[in-house]
Amino acid sequence: MNTSSRRNFLKALGGATALASFPAILNAASSGPRVIVVGGGFAGATAAKYLKHWSPDLNVTLVEPNAKYQSPIMSNLILNGQLSLNQITFSYDTLAQKHGVNVVTDWVSEVDGVSNKVTLGSGDVLEYDRLILAPGITFNPVEGHDLDKVLHAWQSGEQVTMLKQQLEAMPAGGTFVMSIPEAPFRCPPGPYERACVIADYLKTNKPGSKVIVLDANADILVEKEIFGHAFDVTYAGIVEYHKEVVLTGVDSDELIVSTETMEDIKADVLNIIPEQSAGAIIKSAGLITVADRWAGVNPLSYESTVVNNIHIIGDSQGTGQPKAGHIANAEAKVCADAVIRLLNGGEPYTAPMTNSACYSPISSDTATWLTAVYGYDSATDSMQKVAGSGGSAPKASKNNYEEMFVWSSSLFEDVFS
Ligand SMILES: Cc1cc2nc3c(=O)[nH]c(=O)nc-3n(C[C@H](O)[C@H](O)[C@H](O)COP(=O)(O)OP(=O)(O)OC[C@H]3O[C@@H](n4cnc5c(N)ncnc54)[C@H](O)[C@@H]3O)c2cc1C
């Protein structure tokens, strides 16, 4: 990041990270209906904030086990030293102190959708009138994949820091192997972006090294021309991209991957991004109805198709919209609005729209972007991409790289400040 983009990024983040500058507003005991939000990521934190913003009398409780949120968005830039984890870490204090959300640092171990209660890890039980579940993703590893030994680094935090350390310790001329699961998964461009960022790092710091990409999909899923050009031209001789490669097993001690179609591959650093499903609490609450992995919801309200008064947003929902933080923020606002209308005896808005945006660094000073708009289609009762909407950057550029920091800091600000 150059000096001016770093200055602007930090300036914009100031609003999202200043912890002590708000007066302590007492947030307990609003007398209105009780809404519990589970999970303080892009989806859940946005929902909690906007519920209170639009309906201050609601009693809104956010349950999240971590005291701070570490963003997966922009986390690939930790791997090539462009950002530190601190710069993409956010406190929930502003949600509590400025917006009046009751923030409970715990996790939900059980959902009782019949008597409208959740049980916390501490054993405490909370009652709700409406429950919003936003627990993100869980992983379905292949045989032999020990998630603590072979990192995915797909939920930000410690795993990303550890992957960076592994890269730093890798010898020049070494082999970095990464795998991409079959779609859908969190952030469609994310793995291709990671291959580029790591190739960029290795090109400068570990000459002679290789990045081997094993993609379970039929081809590069998004921005094919840009990522294809990066693999074949910018990182020619460094990135080796293989499509339609399905993993069958991992030796987590020896760092060897086995596949259906290729010889076993030995890595110096191995980064397996496993297949994904809705967060674990969605499964234990019996809310999985889509492809055995995701929660089916009414796209107007995000209310579960199987249990009343429970809404699911973010990566866990199964509407077919991309699994990404920008659109999770939009889904959360549609859901918060619907919850307020339903609690007031009304009906959800019938023409919701959402949009998605992903910026992808290609090197330490260029980036690309991808965007799409979705709207409710009453004929299919689903969210569909609006014809002619969105698109992608014509090429990776320095300008996109600068814009990426403006875009991400305004998203972080909208969620956490
Ligand atoms: C490398 C990378 C780059 C990305 N880039 C982009 C991008 O450019 N644009 C974009 O839009 N998206 C991007 N994404 C995707 C984005 O990060 C996710 O889609 C987004 O984080 C999903 O938000 P969420 O709230 O559904 O889940 P999360 O952000 O994972 O939040 C879920 C929260 O729920 C909590 N939780 C889970 N279970 C429980 C429980 N039982 N009780 C209480 N709390 C619980 C967790 O602790 C967590 O804090 C990227 C992702 C990666 C990995």
Side-chain angles (χ1 to χ4, degrees), residues 27 29-63 95 98-102 108 111-118 126-135 282 285 287 289-290 294-321 326-356 373-384 386 414-415:
N27 54 23
S30 300
S31 55
R34 297 151 305 179
V35 183
I36 297 177
V37 182
V38 178
F42 288 97
T46 305
K49 171 179 164 179
Y50 277 86
L51 282 164
K52 284 300 284 183
H53 191 55
W54 290 332
S55 189
D57 289 341
L58 283 181
N59 194 337
V60 177
T61 300
L62 174 66
V63 184
L95 291 188
K98 183 176 166 192
H99 299 289
V101 174
N102 310 313
V108 167
V111 172
D112 179 344
V114 177
S115 43
N116 290 11
K117 288 178 183 156
V118 297
L126 303 179
E127 296 183 331
Y128 63 82
D129 296 295
R130 292 266 164 185
L131 175 65
I132 300 177
L133 298 176
I282 304 284
L287 301 170
T289 61
V290 176
W294 313 106
V297 295
N298 172 346
L300 296 180
S301 61
Y302 292 86
E303 187 166 7
S304 163
T305 51
V306 285
V307 183
N308 291 341
N309 303 324
I310 300 183
H311 303 249
I312 302 105
I313 53 175
D315 286 358
S316 284
Q317 54 71 37
T319 60
Q321 294 171 100
H326 186 110
I327 200 164
N329 168 266
E331 291 161 15
K333 291 174 187 169
V334 172
C335 176
D337 176 65
V339 163
I340 292 167
R341 287 166 185 257
L342 289 163
L343 287 170
N344 286 319
E347 291 294 324
Y349 177 58
T350 54
M353 299 194 79
T354 56
N355 73 311
S356 174
V373 180
Y374 292 79
Y376 178 68
D377 174 37
S378 56
T380 54
D381 187 27
S382 63
M383 293 299 285
Q384 294 292 332
V386 174
D414 189 48
V415 180

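Reckoned from all heavy atoms, side chains included, excluding hydrogens, waters and symmetry mates.
A donor-acceptor pair is defined here as one N or O able to donate and one able to accept, closer than 3.5 Å; no such pair exists between the side chain of Ser55 and the backbone of Ile340. Not one N or O on the side chain of Ser115 forms a donor-acceptor pair closer than 3.5 Å with the backbone of Lys117. For Asp377 (side chain) and Ser382 (main-chain N/O), no donor-acceptor pair under 3.5 Å exists by modelled atom type. In this structure, the side chain of Asn102 engages the main chain of Val60 through a donor-acceptor pair within 3.5 Å. Put simply, the side chain of Asn298 gets close to the backbone of Leu300: a donor and an acceptor are under 3.5 Å apart. Between the side chain of Glu331 and the backbone N or O of Gly314 there is at least one donor-acceptor pair closer than 3.5 Å.
Annotation for Ala43 and Ala332: closest pair O-CB, 3.2 Å, computed over non-hydrogen atoms. Between Ala48 and Leu62, the closest heavy-atom pair is CB-CB, 4.4 Å. For the pair Gly32 and Asn59, the tightest heavy-atom approach, listed with the atom from each and the gap, is O-CB, 3.8 Å. Taking both residues in full, the closest heavy atoms of Ala338 and Pro348 are given as CB-CB, 4.0 Å, listed atom of the first, atom of the second, then distance. Contact between Val290 and Ala295 at its shortest, heavy atoms only, is CG2-C, 4.3 Å. The two residues Thr350 and Tyr376 have their closest heavy-atom pair at O-CD2, 3.4 Å.
Note: Ile313 CD1 to Ile327 CD1 = 12.5 Å, rounded to the nearest 0.5 Å. With rounding to the nearest 0.5 angstrom, the CG atom of Leu343 is 12.0 Å from the CG atom of Asp57. Expressed to the nearest 0.5 Å, how far OH of Tyr128 lies from CD1 of Ile310 amounts to 4.0 Å. Going from atom CZ of Arg130 over to atom CD1 of Ile36 covers 13.5 Å, rounded to the nearest 0.5 Å. Separating the CE atom in Met353 from the OH atom in Tyr374 is a distance of 11.5 Å, to the nearest 0.5 Å. Between His53 atom NE2 and Leu95 atom CG the span is 12.5 Å, to the nearest 0.5 Å.
Counting heavy atoms from C-beta outward, Asp315 and Phe42 have side chains that stay 4.5 Å or more apart. Under the 4.5 Å side-chain criterion, counting only non-hydrogen atoms from C-beta, Asn116 is not in contact with Glu127. The shortest distance between side-chain heavy atoms of Leu342 and Glu303 falls below 4.5 Å. Taking the side chain as every heavy atom from C-beta outward, Leu51 and Val37 approach each other to under 4.5 Å. Between Asn355 and His326, the closest side-chain pair of non-hydrogen atoms falls below 4.5 Å. Side-chain contact between Thr289 and Trp294: absent, with no pair of heavy atoms (C-beta onward) separated by less than 4.5 Å. Counting heavy atoms from C-beta outward, Leu133 and Val108 have side chains that stay 4.5 Å or more apart. With a 4.5 Å cut-off on side-chain heavy atoms, Ile132 and Cys335 count as touching.
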| message | salt bridge (Lys or Arg N to Asp or Glu O under 4.0 Å) for Asp337 and Lys333? Distances and angles first, verdict last. | response | CA-CA 6 Å; Asp337 176 65; Lys333 291 174 187 169; over 6 Å; no

| task | Check the pair Val38 / Val111 against side-chain contact (heavy atoms from CB on, under 4.5 Å), numbers first and verdict last. | result | CA-CA 10 Å; Val38 178; Val111 172; over 6 Å; no

| Residues Val306, Leu287; criterion side-chain contact (heavy atoms from CB on, under 4.5 Å); working and verdict | CA-CA 7 Å; Val306 285; Leu287 301 170; 4.0 Å; yes

| query | Where do Val334 and Tyr349 land on the side-chain contact (heavy atoms from CB on, under 4.5 Å) test, with the steps shown first? | reply | CA-CA 8 Å; Val334 172; Tyr349 177 58; over 6 Å; no

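A side-chain N or O of Tyr50 and one of Asp414 form a donor-acceptor pair less than 3.5 Å apart.
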